[in-house]
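Remarks on the structure that follows.
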Amino acid sequence: MKDDVASEPNSADELSAEQLLSDHLTESTEDRWALVVKNIREDYLDESQRFPWIIGFSGGKDSTLVVHATIDALMSIPPSRRTRPIHVVSNDTLVESPVVIAHLDKVTKAIRKTAENLELPIIVARTTPNIEKSFWVLLIGKGYPSPNQTMRWCTDRLKIQPTSDYIKKYISESGAAIVVLGVRRDESISRQRSVDKHRNARDSRLSPHSELLGALIYRPIVDLSTDDVWELLGTHPAPWGGAHTDLFQLYRDADGGECPVVLSKEEAPGCGTPNSRFGCWTCTVVEKDKSLQGFIDIGNHQYRPLVEFRDWLKQIRNKSEHRQAYRRNGRLTFDGAGKHIPGPFTIQTRKLILERLIAVQDEFGDVLISDKELDLIYQNWTTELQQQKGSADG
């Protein structure tokens with residue numbers, strides 16, 4: 001019967017081209033997934049290096065799949081051999097998108113609970129910037145102009161330094177640390193060049209980090225495609241319970257991708273790219289915050305004040321009336337063409353920014369700036385005004 005032939009084909013010719021392609025892709029993806037988990041298991045058990053693992057976890061699709069694969073690998077290892085500590089480390093810039101930070105809080109809590117229940121050697125941690133280098137203290141307290149592509153002062157202070165300090169701590173304690181990242185070759189041409197530039201050590205899946213001495217980079221999903229990642233997340237339940245439904249919904253509702261974990265300026269272009277990504281709600285590097293706008297477009301109007309504030313912050317950046325003539329070092333600066341380069345925001349503009357931020361915070365109904373940051377901002381203003389008075393008196 002025709003149906004019998006369709007269900008038990010005698011040759012590939014009897015299958016449609018679409019079915020053959022679908023079967024090939026599914027099999028290939030599952031094979032690659034099995035290899036990823038197998039490689040993680042082998043590297044975890046490798047006796048030649050027993051350094052702690054530190055997984056950079058942004059909460060996005062790639063880092064989620066890395067944690068997923070790592071837990072799957074751990075579950076295949078006898079408890080007596082699960083001796084290497086694994087740190088799942090996320091970063092909170094203190095100005096994260098409220099949607100993303102809520103998702104991150106929920107997932108990390110579930111991972112921590114699962115690790116405790118199954119007695120897995122997983123430590124869930126969160127890094128934050130030094131409060132004196134927070135976004136608001138630098139922008140409102142010291143007058144740093146809103147970040148842009150040529151002056152992206154935020155990435156190093158809010159993301160690179162806090163996570164790098166965490167890694168350095170365990171390098172100091174153990175002699176080295178293995179940083180596990182959800183980096184993939186097909187993310188972009190620049191990412192492919194970066195991956196290919198840092199070749200692995202011979203007979204190893206590890207490569208030395210370009211700037212963090214003692215840090216070895218492990219990229220377990222480097223050869224997976226974006227389609228592979230989504231297919232695997234969609235077909236394999238989350239090991240910390242349930243499906244990855246919330247993650248799928250997060251991407252559907254917002255027109256963007258996650259800002260990745262960055263540990264060096266070389267990797268920083270992924271943070272605040274022209275393409276809108278999940279990240280800081282204050283990000284003025286992107287032209288438009290399409291991610292939060294996506295949530296507004298489907299009815300989450302509580303985020304509108306945040307988007308409007310960000311847009312305004314971007315608009316006032318280069319207006320001369322909002323900037324001091326002198327740089328913070330007290331000098332007048334000009335570029336090669338003789339054009340004046342303005343200094344920080346004026347005290348008056350910083351006060352205006354703070355007033356508008358407090359109003360947005362009241363309207364939004366949740367904390368956007370902490371009391372500690374406010375204290376440091378007022379201290380900075382007092383010190384600066386005293387210095388200006390002293391210079392005028394002198």
Side-chain donor-acceptor contacts of residues 292-302 below 3.5 Å, not counting sequence neighbours, with atom names and distances?
{"residue": "Q293", "atom": "NE2", "partner": "D297", "partner atom": "OD1", "Å": "2.9"}
{"residue": "N300", "atom": "ND2", "partner": "F295", "partner atom": "O", "Å": "3.1"}
{"residue": "H301", "atom": "ND1", "partner": "R304", "partner atom": "NH2", "Å": "3.3"}

Check your understanding: Of all residues at least two apart in sequence or in a different chain, which pass the side chain to side chain donor-acceptor pair (under 3.5 Å) check with R84?
Key -> Q49

Exercise for review: Classify the angle between the aromatic ring planes of H87 and Y166 as parallel (below 30°), tilted (30 to 60°) or perpendicular (above 60°).
Suggested key: perpendicular

Practice item. Just say parallel, tilted or perpendicular for the rings of H236 and W33, cut-offs at 30° and 60°. Key: tilted

Practice item. Kindly say whether P342 contributes a backbone atom to a donor-acceptor pair with the side chain of Q324 at under 3.5 angstrom? Key: no

Review point. Listed by chain and number, what are the side chain to side chain donor-acceptor pair (under 3.5 Å) partners of T382, not counting sequence neighbours?
Key: none

Exercise for review: Using side chain to side chain contact (heavy atoms under 4.5 Å, CB included) as the criterion, list what pairs up with P98, not counting sequence neighbours.
Suggested key: W281, Y303, L306, F364

Review point. Who pairs with D246 by side chain to side chain contact (heavy atoms under 4.5 Å, CB included), at least two apart in sequence or on another chain?
Key: H103, K106

Quick one: side chains of residues 313-322, donor-acceptor pairs under 3.5 Å with protein atoms, not counting sequence neighbours, listed by atom name and distance.
{"residue": "K314", "atom": "NZ", "partner": "T284", "partner atom": "O", "Å": "2.9"}
{"residue": "R317", "atom": "NE", "partner": "S146", "partner atom": "O", "Å": "2.4"}
{"residue": "H322", "atom": "ND1", "partner": "T349", "partner atom": "OG1", "Å": "2.9"}

Review point. Can you list every pair that meets salt bridge (Lys or Arg N to Asp or Glu O under 4.0 Å) and has a residue in residues 120-137, with sequence neighbours left out?
Key: D105-R126

Exercise for review: State which residues pass side chain to side chain donor-acceptor pair (under 3.5 Å) with S174; sequence neighbours excluded, sorted by chain then number.
Suggested key: none

Review point. Is the closest side-chain heavy-atom distance between F57 and I111 below 4.5 Å?
Key: yes

**Study point:** Test side chain to side chain donor-acceptor pair (under 3.5 Å) applied to S134 - qualifying residues, sequence neighbours left out
**Key:** E373

Check your understanding: For E173, which residues count as a side chain to side chain contact (heavy atoms under 4.5 Å, CB included) partner, sequence neighbours excluded?
Key -> K169, Y170

Point to revise | Partner set under side chain to side chain contact (heavy atoms under 4.5 Å, CB included) for K109, not counting sequence neighbours | key: none

Revision key, fill the gap. So salt bridge (Lys or Arg N to Asp or Glu O under 4.0 Å) across residues 345-355, not counting sequence neighbours, yields R350-E384

Check your understanding: Is there a donor-acceptor pair under 3.5 Å between the side chain of H209 and the backbone N or O of E211?
Key -> yes

Practice item. Give me the ring orientation class for H244 and W240: parallel if the planes are under 30° apart, tilted from 30 to 60°, perpendicular past 60°. Key: perpendicular

